[in-house]
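Convention: sequence-line order gives letters A, B, ...; per-chain numbering from 1. Values reported hereafter were calculated over all heavy atoms of this structure, with side chains retained and with hydrogens, waters and symmetry mates removed.
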Number of protein chains: 4
Amino acid sequence: MLNRVILIGRLTRDPELRYTPAGVAVTQFTLAVDRPFVSSQSKEREADFIPVVTWRQLAETCANYLRKGRLTAVEGRIQVRSYDNNEGRKVYVTEIIADNVRFLESSNSGNREEGSYSGGSGNGYSGGGNSNSGRNTRDQQQDPFLDDGKPIDISDDDLPF
Amino acid sequence: MLNRVILIGRLTRDPELRYTPAGVAVTQFTLAVDRPFVSSQSKEREADFIPVVTWRQLAETCANYLRKGRLTAVEGRIQVRSYDNNEGRKVYVTEIIADNVRFLESSNSGNREEGSYSGGSGNGYSGGGNSNSGRNTRDQQQDPFLDDGKPIDISDDDLPF
Amino acid sequence: MLNRVILIGRLTRDPELRYTPAGVAVTQFTLAVDRPFVSSQSKEREADFIPVVTWRQLAETCANYLRKGRLTAVEGRIQVRSYDNNEGRKVYVTEIIADNVRFLESSNSGNREEGSYSGGSGNGYSGGGNSNSGRNTRDQQQDPFLDDGKPIDISDDDLPF
Amino acid sequence: MLNRVILIGRLTRDPELRYTPAGVAVTQFTLAVDRPFVSSQSKEREADFIPVVTWRQLAETCANYLRKGRLTAVEGRIQVRSYDNNEGRKVYVTEIIADNVRFLESSNSGNREEGSYSGGSGNGYSGGGNSNSGRNTRDQQQDPFLDDGKPIDISDDDLPF
DNA sequence: TTTT
DNA sequence: TTTT
């Protein structure tokens, strides 16, 4: 009925821009969001690493302007999808589908002129191809967003807009 | 830095109240949150099933008043934890740690007097024991929230408050 | 840069549907939102009364389905506008411009099938006229939303979409 | 029932720290929050100026670290209060009562180490007095937060915590 | 001016 | 694995 998320954190890597077979842009990145408390003795885990997905025009803007380490605000909704891994086990993936992303730090270190771009009506398909390259270090079973140099296998019927 | 989630949905089952070894109450339930759009042809998946965790006094209030099917509002933050399953693979679990829960439907069907309870300073430990029973059908490796009739294995150092 | 509000409360009156000179639907209502605490001795003020404005298709849906007393969730942004009253003093009006409204109670008292309607791309102008009537008791200088039987004086340039 | 606001914007002035007669710290500032759209021809109003109030420990932290122009995230709830101006007219004031404030820019221009402080259980009364001075340029009828050099007239019964 |  |  209602599903709203707002996060502020830093990118753990540069964003990954991909295209669906129909040429729809989709960008994925992960935000490290510091937890508000100090975990008493353990001291090990102090941030949540939350995957974010953007589509269409917003995907391309994020790919162009966001970089590893940048402080970023994200607004969107939680989505849970699942797939079967190669042991036949169902794996659940929870992601934030963002419709609004604010760049709280710009490239020039003196950040008084931060940009801000939001999603919405824009469709903004700007060509096919795949601007991504060479970050194939993750386990394909663990992460369906793995970049294998080919358009990702998402039916356009699955698009949330 | 900032991590805020607000959901409105319906419980997929009755909530599960457990206690940590130190006697801290923790309640888990899942909200079915209808998606805002109609997934064109497929028509199969139209809701997200989002796990929610509450602690202490709020946990006990939720266990007492929430039931399967009830429309409920939840406010909290996203938390990602991980554990190793029995194939040695790391499994990530994403949950909402709620600090505010609103009961939008009460038990009497005419719901003009809905309750509302929030978390906070309350500590509200009300005894040990385990009021839960007999729903051991899930794979323990898949879900550490599995009810095995014993207090759950969470160190009190892990408590987020 | 980012401006997000989520409220759950009850309508203090039936909603008011108006039309701009260009025929754009706009509906206003007020939500009574109970405060989370008990104001110690005074005990008088226990809710905030927060004005909400919706536009276009969402305005017409709200006017059709919302009624005084109904529990309702609203998502939107805070907007502050000002006007000069007849003593030449600037008066500030703070409203929630809603883009998503959820009806948590339906007309039939057994509320298991609540509706839910959100804003967005819809334009949904459904005729001119003014379905409103006879509530002219407020001071025009105090409230530009006063219903005087004529289309309200809002330039279409002021529309937030 | 539920009342949640999240804003990101810039301070229009340095924050104002005051104390109630009972010595409780309260800090007020205004956030300029840019609107997400371009108001077609008029071009005049492109931001909302939203008053924010913080209490106790959080008030003192804000007074110490926030400055005019700083990019800041605020989380809280909307509160509407009223008073009678000297023409006997009731004036409504809408403010955000913040319980979490994030400093997205630190004093040193290279802002890689932004601070972040949240409210909560802290009580943090650190003395009486009034650290504020000389900004009495606003109309008292317009702004009950006007600094007149004396503790403000708020009964401790009015405190929201 | 206010809702349950 | 799922709610209305």
Side-chain angles (χ1 to χ4, degrees), chain A residues 1-3 80 82 84 89-92, chain B residues 7-16 28-35 44-52 66-74 102-106 108-116 135-139 142-143 145-147, chain C residues 7-16 28-35 44-52 66-74 102-106 108-116 135-139 142-143 145-147, chain D residues 1-3 80 82 84 89-92:
Chain A
M1 285 280 296
L2 188 148
N3 182 337
V80 182
S82 66
D84 295 305
R89 196 185 283 287
K90 199 154 218 162
V91 178
Y92 292 91
Chain B
L7 303 174
I8 299 179
R10 294 183 183 280
L11 290 241
T12 62
R13 298 159 164 255
D14 285 359
E16 283 181 50
Q28 204 272 356
F29 56 89
T30 295
L31 275 191
V33 181
D34 290 336
R35 293 186 179 170
E44 30 177 344
R45 199 52 166 3
E46 55 198 355
D48 291 286
F49 298 93
I50 302 176
V52 177
L66 286 178
R67 288 295 172 269
K68 175 177 176 176
R70 296 275 174 77
L71 190 66
T72 305
V74 158
R102 301 289 158 170
F103 308 160
L104 304 176
E105 286 175 0
S106 48
N108 41 60
S109 344
N111 75 339
R112 271 322 174 77
E113 54 274 42
E114 84 290 339
S116 54
R135 247 177 279 136
N136 289 22
T137 53
R138 284 170 293 167
D139 179 349
Q142 294 277 82
D143 187 351
F145 246 99
L146 171 74
D147 179 4
Chain C
L7 304 173
I8 299 180
R10 294 183 183 280
L11 290 241
T12 62
R13 297 159 164 256
D14 286 358
E16 283 182 50
Q28 204 272 356
F29 56 88
T30 296
L31 274 191
V33 181
D34 289 337
R35 292 187 181 170
E44 30 178 343
R45 200 52 165 4
E46 54 198 356
D48 291 287
F49 298 93
I50 302 176
V52 177
L66 286 178
R67 288 295 170 269
K68 176 179 176 175
R70 296 276 173 76
L71 191 66
T72 305
V74 158
R102 302 290 158 170
F103 307 160
L104 304 177
E105 286 176 359
S106 48
N108 42 60
S109 347
N111 74 338
R112 272 321 173 78
E113 54 274 41
E114 83 291 338
S116 55
R135 249 177 278 136
N136 289 22
T137 53
R138 283 172 293 169
D139 178 352
Q142 294 276 83
D143 187 352
F145 245 99
L146 171 74
D147 179 5
Chain D
M1 286 278 298
L2 190 149
N3 181 337
V80 182
S82 65
D84 295 305
R89 198 186 280 289
K90 201 154 217 162
V91 178
Y92 291 91

Would you say the side chain of C:Arg13 and the base of E:dT1 hold a donor-acceptor pair, judged only by whether the two atoms sit under 3.5 Å apart? yes
So, does A:Lys90 get its side chain near the phosphate of F:dT1, meaning an N or O under 4.0 Å from OP1 or OP2? yes
Between atom CD in C:Glu105 and atom P in E:dT3, what is the gap in whole Å? 15 Å
Can you check side-chain contact (heavy atoms from CB on, under 4.5 Å) on C:Leu11 and C:Leu31, steps first, answer last? CA-CA 5 Å; C:Leu11 290 241; C:Leu31 274 191; 3.5 Å; yes
Rounded off to whole Å, could you give me the CG-to-P distance for the B:Leu71 and F:dT2 pair? 20 Å
Looking only at the side chain of C:Arg10 (C-beta and beyond, no hydrogens), which of the listed nucleotides E:dT2, E:dT4, F:dT4 gets closest? E:dT4
Atom pair CD/CG of C:Glu105 and B:Leu104 - distance to nearest 0.5 Å: 9.0 Å
Without decimals, in angstroms, what is the distance between C:Leu66 CG and E:dT4 C1'? 16 Å
Side chain to side chain contact (heavy atoms under 4.5 Å, CB included) partner of B:Pro15, chosen from B:Arg67, B:Gln28, B:Lys68: B:Arg67
What I want to check is whether an N or O donor and acceptor connect the side chain of C:Arg70 with the base of E:dT3 at under 3.5 Å. no
From CZ (B:Arg102) to CD1 (B:Ile8), nearest 0.5 Å: 11.5 Å
How many whole angstroms separate atom CG of B:Leu7 from atom P of F:dT2? 19 Å
Could you check how far CG of C:Asp14 sits from C1' of E:dT2, rounded to whole Å? 13 Å
Between A:Val80 and B:Phe49, is there a side-chain heavy-atom distance shorter than 4.5 Å? no
Can C:Phe49 be called stacked on E:dT3 when the rule is centres closer than 5.5 Å and an angle between planes below 30°? no
If I take atom CZ in residue B:Arg67 and atom P in nucleotide F:dT3, what distance separates them, rounded to the nearest angstrom? 17 Å
May I have the distance from A:Leu2 (atom CG) to F:dT3 (atom C1'), rounded to whole angstrom? 16 Å
Candidate nucleotides E:dT3, F:dT2, E:dT2, ranked by approach to the side chain of C:Thr30 - the nearest: E:dT2
Round to the nearest Å and state the distance from C:Lys68 atom NZ to E:dT1 atom P. 16 Å
Check every atom of E:dT2, E:dT3, F:dT4 against the side chain of B:Asp34 and return the nucleotide holding the closest atom. F:dT4
